[in-house]
There are 2 protein chains.
Amino acid sequence: MLLDIRIKMNDKLFLRNPEDSVLGKRIVSQGLVLINKLGFEDFTFKKLAAEIETTEASIYRYFENKHRLLVYLITWYWSFLEYKVLFSLNNIHDPEVKLKTIIGLLVIVPERAKSTEFISEFEAYELVKWESSKAYLTRNITKDNKDRLFKPYKDLCHRIAEIIKEYNPNYKYPYFLASTILEMSHAQKFFMENLPALTDSTVPNDNKLISFLEHLLFSSIQKPTK
Amino acid sequence: MLLDIRIKMNDKLFLRNPEDSVLGKRIVSQGLVLINKLGFEDFTFKKLAAEIETTEASIYRYFENKHRLLVYLITWYWSFLEYKVLFSLNNIHDPEVKLKTIIGLLVIVPERAKSTEFISEFEAYELVKWESSKAYLTRNITKDNKDRLFKPYKDLCHRIAEIIKEYNPNYKYPYFLASTILEMSHAQKFFMENLPALTDSTVPNDNKLISFLEHLLFSSIQKPTK
DNA sequence: TACAAAATGATAGTAAAACTATTATATAAA
DNA sequence: TTTATATAATAGTTTTACTATCATTTTGTA
């Protein structure tokens, strides 16, 4: 269904483009898997080097540090998701259907097997659920933001906000609402699985989360803002 | 206005109760300030020891590691906030007013000066804005949750959810909604200050965020859930 | 007031993390 | 074929995240 696409990554993210070599691709794809396995805090370049049978020094030639690798992977996910959104919204004109489609894409776990890219979409989804906020919750945020590292996320937010405005041009908080839906689609999934007392779901249930997010989104856009 | 209260902290959080000694209190209060200054990643017990003129080893007698100190501080904040909520809701019977009061308490920045406790409320608020999710986004979450480390946050969420149910007993997502409001009150503040493209506010503006959260909350609870 | 128990300080040490540097070897491009 | 470039192998540095030991204060109680 989805063609093999190339996602253009911000070159501030790496020292050497990992897409240009076999080793680079392995660093990225296996780095993703290993971060998911160990958690970002316990993940080190040394462990990754052992895993893919290369050296620490070789990995450092691609990425300045593990945080940059994290941001690389997270932004890859958001870029990929925006591509999927774009693709899925093709030929849809009703903003309500558009927004529901996007919520589905945000919440539904990608299939494990299916990966056209060298990066596993399923693993990237898991990474975003656990580690995404660590990409921006640092003291370098202002500099990183100037380097446009968060552009893919902001673009996706912008796209959602535009559809919200299309649905109701008088709605006053399209960006607040778009970023709330974006953040909550992953955070609430995390809560369902790890802190279920914060949710209405004892068993992780995508449908219930989708229903909530849709209800939240549409009740808010439909109600007049004075 | 607020009396000097004692917040009972979970004793799994520390090795020795920091409230019981001058040094312990300094570790907590200055640790908070130093984490805010450096960011959690760059904060170390060694730096804190230098700051308060003690030794690393002494700090380790109180806290197993810096993550436990972080959780201590974050849960202190949520406990304190629940106390404030309880106090502020006294004599209010209308659930609408209750919910608006809570949103105000969540969003409005505490005054810098005013601190009855040895922990600065203002600093704790800043900490929550920057570091709160790092308290639970770890591979120890299941164990930490079993140790009830997140109880204060869950309690606050529960309290809000109960008022939501009071407002509309038929509303189907009281916990999803309560945790969304809780998470977004701080995350959106962070976005306004650091990634404003994700928000509708160019200048950090508490009133606009409050209006959004109130609109979001009430439009959702008012609309029937089928 | 005196003595014991507990807390703190001073110091040292270890293992791992987070890098940097150097040189040799393999691979690819001209 | 040569030359540039990438990778491997190895080693080294500084900092972090601890743990251990013992001396010295401080505190609580008989």
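Note that the coordinates shown come from a computational prediction; the quantities given were computed from them, not determined experimentally. Every chain is numbered from 1, with letters handed out A, B, ... down the list of sequences.
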Would you kindly give the [atom1]-to-[atom2] distance between [X] and [N], to the nearest whole Å?
X       : N      : atom1 : atom2 : value
B:Leu48 : C:dT8  : CG    : P     : 14 Å
A:Ile59 : C:dA17 : CD1   : P     : 13 Å
A:Leu70 : C:dA18 : CG    : P     : 13 Å
A:Leu23 : C:dA26 : CG    : C1'   : 13 Å
A:Arg26 : D:dT7  : CZ    : P     : 13 Å
A:Asp20 : C:dA29 : CG    : C1'   : 15 Å
A:Leu15 : D:dA6  : CG    : P     : 12 Å

* To do: Using a 4.0 Å heavy-atom cut-off across all strands, classify B:Phe63 as base, sugar-phosphate, or nothing.
  => nothing

* Asked: Minimum heavy-atom separation for A:Leu70 to A:Ala135, with atom names?
  -> CD2-N, 4.0 Å

Within the structure, does a side-chain N or O atom of [X] lie under 4.0 Å from either OP1 or OP2 of [N]?
X       : N     : result
B:Arg16 : C:dA6 : no
A:Thr55 : D:dA9 : no
B:Ser58 : C:dA7 : no

* Hey, are B:Lys129 and B:Glu183 close enough for a salt bridge, meaning a charged N less than 4.0 Å from a carboxylate O? -> no

* Do the side chain of B:Asp200 and the main chain of A:Tyr175 share a donor and acceptor less than 3.5 angstrom apart? -> yes

Identify all pairs in which a protein N or O lies below 3.5 Å from an N or O of nucleotides 15-21 of chain D, and state each distance.
from   : atom 1 : to      : atom 2 : distance (Å)
D:dC18 : O5'    : B:Tyr60 : OH     : 3.1
D:dC18 : N4     : B:Glu56 : OE1    : 3.2

* To do: Go through the steps for A:Phe176 and B:Phe212 under the test ring-ring contact (aromatic ring centres under 6.0 Å, His included), then give the verdict.
  => CA-CA 7 Å; A:Phe176 275 138; B:Phe212 164 66; 5.0 Å; yes

* Asked: Is the number of heavy atoms from other residues, nucleotides or ligands within 6.0 Å of NZ (B:Lys66) greater than 12?
  -> yes

* Asked: Ring centres of A:Tyr136 and B:Phe191 under 6.0 Å apart?
  -> yes

* Per the side-chain hydrogen bond (donor to acceptor under 3.5 Å, both in side chains) rule, which among A:Arg68, A:His67, A:Arg139 passes with A:Asp144? -> A:Arg68

